A.B. asks: 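Structure in structure tokens, see below.
In what follows, every chain begins at residue 1, and chains take the letters A, B, ... in the order their sequences are listed. These values consider heavy atoms only, across backbone and side chains, with no hydrogens, waters or symmetry-generated copies. On a predicted model such as this, the values are computed, not experimentally measured, just so you know.
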Amino acid sequence: MSTFIEAPQPLDAEYFRTRLLGWFDQYGRTHLPWQQGRSPYRVWVSEIMLQQTQVATVIGYFERFMQRFPDVAALAAAEQDEVLHLWTGLGYYARARNLHRAAKCVVHEHNGAFPVESVAALSALPGIGRSTAGAIIAQATGKRAPILDGNVKRVLTRLHGVEGWPGRPEVERRLWQLAEHYTPQWRCADFTQAMMDMGATLCTRRRPSCLLCPFEADCVAHARGEEQRFPESKPKKEKPVRKTMMLMLRDENGHVLLEQRPSSGLWGGLWGLPQFDDGGALDAWLAREMPGSEVQGRWSSFVHVFTHFRLEITPVQAHLSRQGDQPAASGWRWYDPDQPDSIGLAAPVKALLESLSSFTLL
DNA sequence: GAACCGTGGAT
DNA sequence: TATCCAAGGTT
């Protein structure tokens, strides 16, 4: 079935820009770390970190990242493992892997210069889509480029009363159309920043500050008293439950065996506890790879909720009397719980290892 | 299209 | 406490 989508009537573009920039000059954010010493590199890294991630969370990661990788050459020359280590806790680790790949591409295919001439050229780099490309161009060069992130979607859907979940292609198409309509030739960096600032500080998801909004008199949602209805939320779906065991294999020093995870998929490229989906596989693996190991017991299971599924994790504790340094193969490491930040660990794994340490002290 | 990919904050 | 969701992109 097809749902009728109300065609929004745009405001006069010049009117909109003037009022928005007037608001920005008084209330806009100008002291964010990536707004200082602006460069395509700094803007790029910030935009990737900010994907689906709040500003307050990003700031610390951004500072540490810039300290370690001041320019694209430094990033391109790094090992992926170190890039992922700096990304630990931010989530969506494909962003870090793509960032690293893109840095190498800029250095080796673009002679070290970011292809900021066009959205198409930027979008060809891994991890950069249409909106992020627009944001980088606008913020780093000031040239005209529309963006359509969550903030802009919220502002535009409310202002025009755009019905339907913005993830639907026809709705998204309409929103891009509106973004194109309003985006100016001049002061484009300020304009795009102003749209995001409006969405982040005034036109918030809940309890928007309509009385302070320069478009209070123009907003369709506000006129109807239906601000909270826009944008429409994504249709809900049941989350499947996956069950797994995580092996905590310790040697005589209390060190824990870690395995480097596959380079794609959940926590791709990070270090984690060896996972087994059934007990038979666990027993067979221990007998084959870790002769002399002894299973000591299971901890109580806990559930970790992800965006698309629930993961029921059963920690299994085992002990190994080590002879030599096995396993010596790459992709395996012994982790010292007394050096917790020496390696990139996913949050639930890190929490598990921390609880292991406190358990031992008792 | 729809599934996949994380974490922490807000309510 | 459980749920929603935030400066999205890739497969």
A.B. asks: Salt bridge (charged side-chain N to carboxylate O under 4.0 Å, His left out) with A/E14: which residues, sequence neighbours excluded?
C.D. replies: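 In terms of salt bridge (charged side-chain N to carboxylate O under 4.0 Å, His left out), with neighbours along the sequence ignored, A/E14 is linked to A/R17.
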
A.B. asks: Map A/L90 and A/K237 onto DNA chain B by nearest heavy atom, then report which one ends up closer to the 5' terminus.
C.D. replies: A/K237

A.B. asks: When you measure from the side-chain N and O atoms of A/R154 to the phosphate of C/dC5, is any distance below 4.0 Å, counting only OP1 and OP2?
C.D. replies: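 For C/dC5, OP1/OP2 do not have a side-chain N/O of A/R154 under 4.0 Å.
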
A.B. asks: Quantified in whole Å, what is the C1' atom distance between nucleotide B/dT7 and nucleotide C/dT11?
C.D. replies: 22 Å

A.B. asks: Between the side chains of A/Q35 and A/R29, does any donor sit under 3.5 Å from an acceptor?
C.D. replies: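 Absent: no donor and acceptor within the cut-off.
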
A.B. asks: Tell me, which of residues 203-215 of chain A have any heavy atom that sits under 4.0 Å from an atom in DNA chain B?
C.D. replies: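 Residues of residues 203-215 of chain A that come under 4.0 Å of DNA chain B are, in numerical order, A/R206.
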
A.B. asks: Taking only the C1' atom of each, what is the distance from C/dT1 to B/dG8 in whole angstrom?
C.D. replies: 16 Å

A.B. asks: Please find the earliest and latest nucleotides of DNA chain B, in the 5' to 3' direction, that have an atom within less than 4.0 Å of any heavy atom of chain A.
C.D. replies: B/dG1 to B/dT11

A.B. asks: To the nearest angstrom, how far is A/L122 atom CG from C/dG8 atom P?
C.D. replies: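 Result: 17 Å.
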
A.B. asks: Respond yes when some side-chain nitrogen or oxygen of A/Q54 is under 4.0 Å from OP1 or OP2 of C/dA6, and no when none is.
C.D. replies: no

A.B. asks: Closest to the A/M196 side chain: C/dG9, C/dT3, C/dA7?
C.D. replies: C/dA7

A.B. asks: With nearest nucleotide decided by heavy atoms, which residue, A/T57 or A/R242, maps closer to the 5′ end of DNA chain B?
C.D. replies: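 Per heavy-atom nearest nucleotide, the more 5' residue is A/R242.
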
A.B. asks: Look at the side chain of A/R29 and the base of C/dA7, then say whether one donor and one acceptor between them are separated by less than 3.5 Å.
C.D. replies: yes

A.B. asks: Does A/K236 make a side-chain N or O approach to OP1 or OP2 of C/dC4 shorter than 4.0 Å?
C.D. replies: yes

A.B. asks: Run the salt-bridge test on A/D341 and A/K350 with the 4.0 Å N-O cut-off and return the result as yes or no.
C.D. replies: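 A/K350 and A/D341: salt-bridged.
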
A.B. asks: Looking at every heavy atom in both A/R130 and A/V119, which two are closest together, and how far apart are they?
C.D. replies: O-CG1, 4.3 Å

A.B. asks: Applying a 4.0 Å non-hydrogen cut-off, can you work out what A/W87 is touching in the nucleic acid: base, sugar-phosphate, or nothing?
C.D. replies: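 No contact.
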
